[in-house]
2 protein chains.
Amino acid sequence: MATIKDIAKKAGVSASVVSRALNNKYGVNEKTRAKIIQIAREMEYYPNVLARSLVTRKTETIGVVIADISEPFYSQIIKGMYTVADRVGYTLLFSNSYESLEKTNVLHKMVDSERVDGLVIIGSNIRETDFILNLLKERIPFVLIERNLEDPAVNCIWVENKEGAYQATNYLIKKGHTRIAHISGTQDIQVAIDRLAGYKEALADAKIPFNPEFVRTGYFLHEGGYRAAKELLQMTPRPTAIFAGNDTMAYGALQAISEFGLAIPDEIAVIGFDDLEFSGLTNPPLTTIRQPRFEMGKKAISILLRLLPGEEEASGVKAVFPTQLVVRRSV
Amino acid sequence: MATIKDIAKKAGVSASVVSRALNNKYGVNEKTRAKIIQIAREMEYYPNVLARSLVTRKTETIGVVIADISEPFYSQIIKGMYTVADRVGYTLLFSNSYESLEKTNVLHKMVDSERVDGLVIIGSNIRETDFILNLLKERIPFVLIERNLEDPAVNCIWVENKEGAYQATNYLIKKGHTRIAHISGTQDIQVAIDRLAGYKEALADAKIPFNPEFVRTGYFLHEGGYRAAKELLQMTPRPTAIFAGNDTMAYGALQAISEFGLAIPDEIAVIGFDDLEFSGLTNPPLTTIRQPRFEMGKKAISILLRLLPGEEEASGVKAVFPTQLVVRRSV
DNA sequence: TTGAAAGCGTTACCAG
DNA sequence: CTGGTAACGCTTTCAA
């Protein structure tokens, strides 16, 4: 592996000149620079990023903290993040937190060990608020996705969950449904709380009494949605429509309903939330609320990139994306 | 950020002793060691991995080269890789090659710049063979997934594609089908070639004449499967069964068939390959050939970990996994 | 425009 | 068992 010294020797100059030449800095004779660049190419020189980062204190790497990188929900967010990061030569480093942020040593592994310049945190739950606020104190640049923290200094990206849920429920109401159930996510996640709130509000606005029995938790999981739907189907009178808090749970509901032998949407309607890639392929294709995940991913990196120079931003960016009703055939 | 020197000063010893103490090396008085560890904890010391890697020449990071990290096919492989890597404290660094390996600067970005100790390469195509063989010359530890290179020195992990395809086709034959079509992947990928071969062999063994018209390329894409199926459906006589080269294309075929108004499996049967998470949820649930993707991911990292100490392995590991027929309701 | 020297934080070698 | 010194490859500062 060729180093800067090798090039310096061959070019008959000092290492400092080589460094400046290769980094397009001022104060290098154009001829010398050209010669150095030429030699570097010949020797197939690539800078050792470790050595560079050690002195510059910048890694050009962004840490991404995520519950589970293999969840289909995240795929478009990830793609969006790469789109922006690749363009500016930044690297993304993932940390699957699986359980909670506290338990994982993400901070030490990524930040304290100086591997990343900043963090994107996706989908934290409300018990992790202290952890996040602490990041602020430590002056670590970071942005949150799927979360809106009150603190004005925190950069947040999220969708209008309450409005989207309202939209979904209202669509069901417009279609004539009054016995509308909701399969919710775990209530320690802001997103789940907001969607439940939107559901309730739509009901209230339509003067449909809220029936707590019609709300079941599906933990944002396929299996959970399946089980919740099963319970719902056994009630009398049973709901004629289900608003699932995300598509994954809606898939489970679809499955439960089909096993139960009911026709969708004639006997029972289902609407989801997210619009995963697969939702156009379910049986029947799932009507749902789309979130612009790709755009959210792009936005996260854009914001972070602006933060990285280190100048304290007076206040954080709050980027709220609108949701969109995607009509298919399950309602 | 506390450094080793800060600790040394506080403990009244030299930096070298601190380093040894913290790395559990021999030659440190137990009392001194305990004291140092205590102080390190108090000061919330975390080693700067860049500085460490610079001298040890090891990053404890594995580069993963993959076409598109957000493809659902890869999710379980990735999860498997993390399972093993996390256990030993290794980091995974992804590079989406999107197009071809040559075009991407993966080698320079990851290897030449000394960011990774080794590479896992997933799903390369046959035009990239030279590139891969070159890795061998450069003595870069690497393992291939979804590829079987003849060269005995290359570590390869793959499934029995030909056998799996044979199994799929044969299952169709057993069910009484004789007009069996195949939607294949692009033929510059070994996997696609092997599956086509398995299909042909099953046909031959059953003395069913091979009809080239019954083979269409779907490029391993959903849209491609959809289009290929449409063409197939317009033939007379049309096939009574389709073996899709992967599940994604099978989804497209399912969609095309349902739009065409044919009943599955009564009027036309469909079988896929891969067994993606979603395949139990299609309409009807997709009969397919499972590959143990999670296990393959685990295996890749295990092999690489054994390679990393640097001792030349006499010969590469060839890990072939069996496929398994998953019977659902599309056949 | 150039170069010598210092330094980033760590580990490794060698003497004591 | 301990500590001083050099080294990893690079950037940066300061003088020439």
Base, sugar-phosphate, or nothing: which does [X] touch, judged by heavy atoms less than 4.0 Å apart?
X	answer
A:V49	nothing
A:S53	nothing
B:K25	sugar-phosphate
B:K58	nothing

To the nearest angstrom, how far is [X] atom [atom1] from [N] atom [atom2]?
X	N	atom1	atom2	answer
A:I4	C:dA4	CD1	C1'	15 Å
A:L54	C:dT10	CG	P	9 Å
A:Y26	D:dT11	OH	P	18 Å
A:N48	C:dT10	CG	P	17 Å
B:R20	D:dG3	CZ	C1'	8 Å
B:Y46	C:dT10	OH	C1'	18 Å
A:M1	D:dC10	CE	P	11 Å
A:L50	D:dC8	CG	C1'	10 Å

Please say whether the positively charged group of B:R20, taken as NZ for Lys or CZ for Arg, lies over the ring of B:Y26, i.e. under 6.0 angstrom from the six-membered ring centre and within 45 degrees of the axis. no
Taking the six-membered ring of B:Y74 (Phe, Tyr or Trp), confirm whether the NZ or CZ of B:R293 is under 6.0 Å from its centre and within 45° of its axis. no
With respect to the phosphate group of [N], does any side-chain polar atom (N or O) of [X] fall under 4.0 Å of OP1 or OP2?
X	N	answer
B:S19	C:dA12	no
A:R57	C:dG9	yes
B:R52	C:dG9	no

Verify whether one side chain among B:T91 and A:R115 offers a donor that lies under 3.5 Å from an acceptor in the other. yes
Using heavy-atom distances to pick each residue's nearest nucleotide on DNA chain D, tell me which of B:S16 and B:E114 is more 5'.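 First, find each residue's nearest nucleotide; the 5'-ward one identifies B:S16.
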Go through D:dT12, C:dT1, D:dG3 for me and flag the one nearest to the A:T56 side chain. D:dT12
Just compare D:dC10, D:dG3, C:dT2 and give me whichever is closest to any side-chain atom of A:V17. C:dT2
In this structure, are over 12 heavy atoms from other groups packed under 6.0 Å from B:K10 atom NZ? no
Among A:V120, A:D86, A:V88, A:V143, the one residue meeting side-chain contact (heavy atoms from CB on, under 4.5 Å) with A:I301: A:V120
